[in-house]
2 protein chains.
Amino acid sequence: MVRAGLSPERLTLAGAELADEAGFGQVTLSALARRFDVKPASLYAHVKNSHDLKTRIALFALEELADRVADAVAGRAGKDALTAFANAYRDYARAHPGRYEAARYRLDPQTAAASAGVRHAQMTRALLRGYDLAEPDQTHAVRMLGSVFHGYASLEAAGGFDHTDIAAQQSWAWTLDCLDTALRSRSAS
Amino acid sequence: MVRAGLSPERLTLAGAELADEAGFGQVTLSALARRFDVKPASLYAHVKNSHDLKTRIALFALEELADRVADAVAGRAGKDALTAFANAYRDYARAHPGRYEAARYRLDPQTAAASAGVRHAQMTRALLRGYDLAEPDQTHAVRMLGSVFHGYASLEAAGGFDHTDIAAQQSWAWTLDCLDTALRSRSAS
DNA sequence: CCGTTTGCCTATAGGGCATAGGTAGATGCA
DNA sequence: TGCATCTACCTATGCCCTATAGGCAAACGG
């Protein structure tokens with residue numbers, strides 16, 4: 001009986017890969033067990049249950065995405081930062097659809113508060129410093145940007161832009177341009 | 001043995017109600033059978049399988065939402081129409097979270113093409129007539145609006161706006177204002 | 001009023017989740 | 001080095017959801 005060398009970390013990573021390949025909805029303890037050539041019951045020694053596994057994948061994805069965004073916006077400001085932020089976000093969703101879906105997995109408030117989700121909010125606010133918005137406008141802007149980024153990524157992933165043959169990339173650039181204009185026009189200064 | 005009087009329509013409607021109460025993910029043939037005090041196997045006489053049921057609920061929700069939007073924008077133009085459209089959309093998502101989720105259920109291309117989804121696209125384009133955008137800007141705008149509407153509804157439903165005590169309603173109004181400005185500034189005339 | 005259709009049934013099988021309890025490989029300590 | 005312990009993975013089991021096959025009785029149509 002050779003041991004498979006399971007651990008919460010390996011299961012989480014393998015779960016993320018499985019999500020990208022087959023969709024987050026296909027991430028099951030059974031499927032993961034098959035991937036490690038192990039019986040499903042064996043996984044319960046490393047993760048509490050199915051929900052725990054999904055939560056770990058979600059936290060992992062949030063962290064990874066936050067890292068990429070942080071990397072992208074480093075040393076940039078204004079529209080340059082906006083574009084970098086937005087592209088990092090969209091690129092992640094395209095490269096890792098399953099992980100992106102996982103990042104939207106509903107977390108309980110405590111877990112969410114301790115997650116990289118707060119870094120996302122902080123980075124968005126940092127990004128907006130370039131637009132000099134006073135409260136409550138800044139919060140409005142955070143929500144608007146979040147909506148556009150998530151909405152676009154979500155619709156694009158669902159194939160919502162496949163009907164028309166105008167490239168999704170062009171609409172994305174156009175949208176970012178709109179956002180930049182809108183934010184600049186609302187600048188306090 | 002009293003008959004329950006099942007039909008595809010009644011199952012679809014009950015499924016939509018179940019979705020609103022417990023979430024679209026909780027819509028199962030078993031749960032629906034319980035609701036009609038009937039055995040799960042009995043449902044297969046009316047719907048092909050679980051996927052078929054969910055597809056029916058999705059189509060129903062798309063239709064219902066399109067009706068509401070059509071009603072809201074009737075006789076309006078410009079920012080007035082934009083606001084009415086957007087509010088109808090968001091209000092539906094808030095009043096019927098399960099049906100809204102269902103409306104995002106992935107349909108195969110054929111089904112999608114025959115669904116009320118095309119009415120949504122048409123109405124969005126009609127809305128944009130007030131802004132006089134030439135192609136490909138119009139397509140870009142359709143995508144941007146879809147992203148914002150869906151993104152906002154999605155984040156709000158997920159409780160993403162609960163952390164800050166600034167009302168989601170205010171951010172929504174602010175966002176629509178931004179969109180209106182952005183679209184007007186890109187008008188061809 | 002009888003035959004056919006149709007609506008819901010039981011029985012059954014497969015797959016995912018989850019727990020209880022067993023066994024063998026790895027580890028630690030004398 | 002050898003034994004005790006611990007830990008990783010196992011089997012067995014039960015529940016729930018999906019799905020199919022085949023049966024019986026209520027409803028309907030002539």
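To find a chain, count down the sequence lines: A is the first, B the second, and so on, and within it residues start at 1.
Between Asp91(A) and Arg68(A) no salt bridge is recorded (no basic side-chain N to carboxylate O distance below 4.0 Å). A salt bridge is absent between Glu9(B) and Arg56(B): the closest approach of a Lys/Arg side-chain nitrogen to an acidic carboxylate oxygen does not fall below 4.0 angstrom.
For the residue pair Thr55(B) and Asp52(B), no side-chain donor N or O sits within less than 3.5 Å of a side-chain acceptor on the partner.
Near DNA chain D, meaning a heavy atom under 4.0 Å from it, residues 39-59 of chain A has Lys39(A), Ala41(A), Ser42(A), His46(A) in order of number. Within residues 11-37 of chain A, no residue has a heavy atom under 4.0 Å from DNA chain D.
Hydrophobic clustering (side-chain heavy atoms under 4.5 Å, transitive across Ile, Leu, Val, Met, Phe, Trp, Tyr) groups Val148(A) together with Leu179(B). Note: the hydrophobic cluster containing Val47(B) also contains Leu18(B) (ILVMFWY, side chain heavy atoms under 4.5 Å, direct or indirect links).
Formation of a donor-acceptor pair under 3.5 Å by the Asn87(B) side chain with backbone atoms of Thr83(B) is found in this model.
Sorted by first then second residue, the side-chain hydrogen bond (donor to acceptor under 3.5 Å, both in side chains) pairs that include residues 12-29 of chain A, not counting sequence neighbours, are Asp20(A)-His96(A), Asp20(A)-Arg99(A), Glu21(A)-Arg35(A).
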